[in-house]
Amino acid sequence: MPELPEVETVRLGLNQVTLHQPIQGGAVLLDRTIAHPLSSEFIDGLIGLSIREWHRYGKYLLAKLDPVGWLGVHLRMTGQLLWMNQAEPLQKHTRVRFFFEHDRELRFVDQRTFGQIWHVIGEQDPKTIITGLQRLGHEPFSAEFSDEYFYAQLQGRKRSIKTALLDQMLVAGVGNIYADEALFLSGIHPETLCADLNPRQAQRLRANVIRVLTDSIAARGTSFSDFRDVSGVNGNYGGIAWVYGREGDRCRTCETPIERVKLAGRSAHFCPNCQPPFSQAVRKP
Ligand SMILES: [Zn+2]
């Protein structure tokens, strides 16, 4: 599933190739990909509009349209936005096509079909149409995601810190890969209860969440799963991952085999030596 660094990588790519050229047409190959308006009205409503700039809110991509409106995309599990020539053969899971001049095309390919696309028409507020935007917490790179805010959100909570990091209302865009990585760098076991973390640990964890996201954006997203950037290229983050996807491999710091546990239905990867359970951590001198 694309997380924040992958969506950011897609955004940067889209801003390089899709701006300031009118949408000339397109096709909807799977009706339910279009969340708004009716799929039959979708392409006609976009013709003649161009994209001024792509923004990202959590894992939502939002294109500001010229002269007015927004185009919203959520990739969900397997969505890909690919920039290619219209003549290139359709991928099996092609769902929506946007045609541009010089026979260029922005193609939405989505195997699992959970991806969604919205056209917010006219001066409407995107949040009223793309209601998921209302449920997003602070951006990890924003000033609002401060040490004080983060610690306050953890205090007194009886859920595990791994589960908390995946909560999009606490912080937007962090998923399984980068939550595991940030916990490793912070020496925190994923099953530690939020309430058991002290302010220093919370501070370190917040810094490491930002660090792993920044590192992965620099690596152009993850090499795990079927993530592709707009030119169809896989990212490079997997080669430098500390724990994610490395069950049984040796810890890069202490050589202990990396372990994996199920936590709230998701896999958590960790080093049992570098990330001791809370009860052992407090007994350590
Ligand atoms: Zn280790």
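Remember, it's a predicted structure, so these values are computed and weren't measured experimentally. Counting begins at 1 with the first residue of the sequence.
Pairs engaging residues 7-21 under the side-chain hydrogen bond (donor to acceptor under 3.5 Å, both in side chains) rule: Glu8-Arg11, Glu8-Arg56, Thr18-Trp54 [sequence neighbours left out]. Sorted by first and then second residue, the side-chain hydrogen bond (donor to acceptor under 3.5 Å, both in side chains) pairs involving residues 165-190 (not counting sequence neighbours) are Glu6-Tyr178, Arg159-Asp167, Lys162-Asn176, Lys162-Asp180, Tyr178-Ser216, Asp180-His269, Glu181-Tyr237, Ser186-Asn208. Listed by first and then second residue, the ring-ring contact (aromatic ring centres under 6.0 Å, His included) pairs that reach into residues 76-97 are Trp83-Phe100, sequence neighbours excluded. A side-chain hydrogen bond (donor to acceptor under 3.5 Å, both in side chains) check over residues 119-133, counting only residues at least two apart or in different chains, returns nothing. Residue pairs meeting the salt bridge (charged side-chain N to carboxylate O under 4.0 Å, His left out) criterion with at least one partner in residues 66-78, sequence neighbours excluded, are Arg52-Asp66. Counting only residues at least two apart or on different chains, no salt bridge (charged side-chain N to carboxylate O under 4.0 Å, His left out) pair has a member in residues 25-34.
Scored by the side chain to side chain donor-acceptor pair (under 3.5 Å) test, Thr33 finds no partners at all (sequence neighbours excluded). Among residues two or more places apart in sequence or in another chain, the side chain to side chain donor-acceptor pair (under 3.5 Å) test is passed with Asp249 by none. For Leu29, the side-chain contact (heavy atoms from CB on, under 4.5 Å) partners are Ala27, Leu90, Thr94, Arg97, not counting sequence neighbours. For Arg104, the side chain to side chain donor-acceptor pair (under 3.5 Å) partners are Asn85, not counting sequence neighbours.
In the hydrophobic clustering (ILVMFWY side chains linked at under 4.5 Å, chained through shared members), Met84 is joined by Leu82, Val109.
Under the 4.5 Å side-chain heavy-atom criterion for grouping Ile, Leu, Val, Met, Phe, Trp and Tyr, Val243 is not connected to Leu263 through any hydrophobic cluster. Criterion: ILVMFWY side-chain heavy atoms under 4.5 Å apart, direct or through other members. Under it, Val68 and Ile129 are not part of a common hydrophobic cluster. Under a hydrophobic clustering in which Ile, Leu, Val, Met, Phe, Trp and Tyr are joined whenever their side-chain heavy atoms come within less than 4.5 Å, directly or via other members, Leu46 and Leu30 fall into different clusters.
Formation of a donor-acceptor pair under 3.5 Å by the Tyr149 side chain with backbone atoms of Leu170 is found in this model. With hydrogens and angles ignored, the 3.5 Å screen pairs no side-chain donor or acceptor of Ser160 with any backbone N or O of Leu193. For Glu139 (side chain) and Gly58 (main-chain N/O), a donor-acceptor pair under 3.5 Å exists by modelled atom type.
Using a 4.5 Å heavy-atom threshold, the side chains of Pro67 and Leu49 count as touching.
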Less than 3.5 Å apart, which donor and acceptor atoms pair up between the side chains of residues 252-261 and the rest of the protein, not counting sequence neighbours?
{"residue": "Arg252", "atom": "NE", "partner": "Ala241", "partner atom": "O", "Å": "2.7"}
{"residue": "Arg252", "atom": "NH2", "partner": "Gly239", "partner atom": "O", "Å": "3.4"}
{"residue": "Arg252", "atom": "NH2", "partner": "Ala241", "partner atom": "O", "Å": "2.8"}
{"residue": "Arg260", "atom": "NE", "partner": "Glu247", "partner atom": "OE1", "Å": "2.8"}
{"residue": "Arg260", "atom": "NH1", "partner": "Ser267", "partner atom": "OG", "Å": "2.9"}

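Note: Phe184 and Phe270 fail the aromatic proximity criterion, with ring centroids not under 6.0 Å apart.
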